[in-house]
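Lettering follows sequence order; numbering is per chain, from 1.
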There are 2 protein chains.
Amino acid sequence: MKLEQAVGLVIRKHRTVEKISQFKLAELTGYDRSFISLLERGRRMPTLKTIFVLAEHLDIPAPQLVEEIQQLVNSDIMEY
Amino acid sequence: MKLEQAVGLVIRKHRTVEKISQFKLAELTGYDRSFISLLERGRRMPTLKTIFVLAEHLDIPAPQLVEEIQQLVNSDIMEY
DNA sequence: GAGATATGTTGACTATAGTCCGCTGTCATT
DNA sequence: AATGACAGCGGACTATAGTCAACATATCTC
């Protein structure tokens, strides 16, 4: 799977687990809601800083977030 | 410590451990040498993609690279 | 002291991360 | 059917990641 897609899936997964809306996550992190949407749909590649900020507010260590992303990238899961 | 500084230190550390020059790392990763220099001096915040590419050619898992960066950020080490 | 290697630095450029605002569609609730 | 919460999506914008060429300095070796 493409890196952008993996990033989006992992972010969305943790956001829904935390039961918060894109709006709320945007509010928490200080990012724009449309940007959160772009990230989750795999249309943007975040900087490392963004990963740290998101991880913090999704209550997950940044390295673990990256780990999950990497596992998705290395998997054979496809999108269509 | 600032995130950018931590990124720079960790990259440089692993590059020197691997005993390769900035030039060589640039060649391996496909990035510009001046960009490697900027990163190591904490003047640029890489995207997550860049982290993955660098990690691959520095022979270290990306999550571990991020882990080391986080530890530096959370430490009390100062630069002056 | 000339040449080779490694890094810093900078200025101008291109690509893309991230903002802001607004409109659309969907779904659930009343 | 109206309202409200939520997400997709667009265009136009600003900030910054990453390129490229060039010059400077330091060190080391011959």
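- Side chain to side chain, Thr47(B) and Thr50(B) meet the donor-acceptor criterion of an N or O pair below 3.5 Å.
- Of all non-hydrogen atoms in Pro61(A) and Ala55(A), the two that sit nearest each other are C-CB, 4.2 Å.
- Between its opening and closing five pairs, the helix from dG1(C)-dC30(D) to dT30(C)-dA1(D) changes axis direction by 30°, a value rounded to 10 degrees.
- For Arg44(A) and dT16(D), the CZ to P distance is 16 Å, given to the nearest whole Å.
- Checked against dT19(C), dT19(D), dA17(D), the side chain of Met45(B) finds its nearest nucleotide in dA17(D).
- Per the geometry, NZ belonging to Lys49(B) stands 15 Å off P belonging to dA15(C), to the nearest Å.
- Following rounding to the nearest Å, Asp32(A) (CG) and dG8(D) (P) show an atom-to-atom distance of 14 Å.
- Rounded to a whole Å, the OH atom of Tyr31(A) is 13 Å from the C1' atom of dA15(D).
- Here dG8(C) presents its C1' atom at 10 Å from CZ of Arg43(B), a figure rounded to the nearest Å.
- Here the NE2 atom belonging to His14(B) is positioned 11.0 Å from the CG atom belonging to Leu54(B), to the nearest 0.5 angstrom.
- Taking a cutoff of 4.0 Å between a charged side-chain nitrogen and a carboxylate oxygen, Glu18(B) and Arg15(B) do not qualify as a salt bridge.
- The interatomic distance linking Leu3(B) (CG) with dA17(D) (P) rounds to 11 Å, in whole Å.
- Distance, Leu39(A) CG to dC9(D) C1': 15 Å, rounded to whole Å.
- Linking ILVMFWY side-chain heavy atoms closer than 4.5 Å, directly or via other members, places Ile51(A) and Leu38(A) in two distinct hydrophobic clusters.
- Taking atom CG on Leu38(A) and atom C1' on dC9(D), their separation rounds to 9 Å, with Å as the unit.
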Tabulate atom names and distances for all N/O pairs under 3.5 angstrom spanning the protein and nucleotides 5-7 of chain C.
unit_1 : atom_1 : unit_2   : atom_2 : d
dT7(C) : OP1    : Arg15(B) : NH1    : 2.8
dT7(C) : OP1    : Arg15(B) : NH2    : 3.4
dT7(C) : OP2    : Gln22(B) : N      : 2.7

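- Proximity of residues 57-66 of chain A to DNA chain C (heavy atom under 4.0 angstrom from any strand atom) is not detected for any residue.
- Ser21(A) contributes a side-chain N or O that, together with a main-chain N or O of Lys24(A), makes up a donor-acceptor pair within less than 3.5 Å.
- Scanning both residues, Val73(B) and Ala6(B), for their nearest heavy atoms gives CG2-CB, 3.8 Å.
- A donor-acceptor contact shorter than 3.5 Å is absent between the side chain of Arg33(A) and the backbone of Gln22(A).
- For the residue pair Ile11(A) and Leu58(A), the shortest heavy atom distance occurs at O-CD1, 4.1 Å.
- Distance from the side chain of Ser34(A) is smallest to dG10(D) among dT9(C), dG10(D), dG18(D).
- Under 3.5 Å, the side chains of Ser37(B) and Arg41(B) contain a donor-acceptor pair of N or O atoms.
- Residues Glu67(A) and Pro63(B) share a closest heavy-atom pair of OE1-CG, 3.3 Å.
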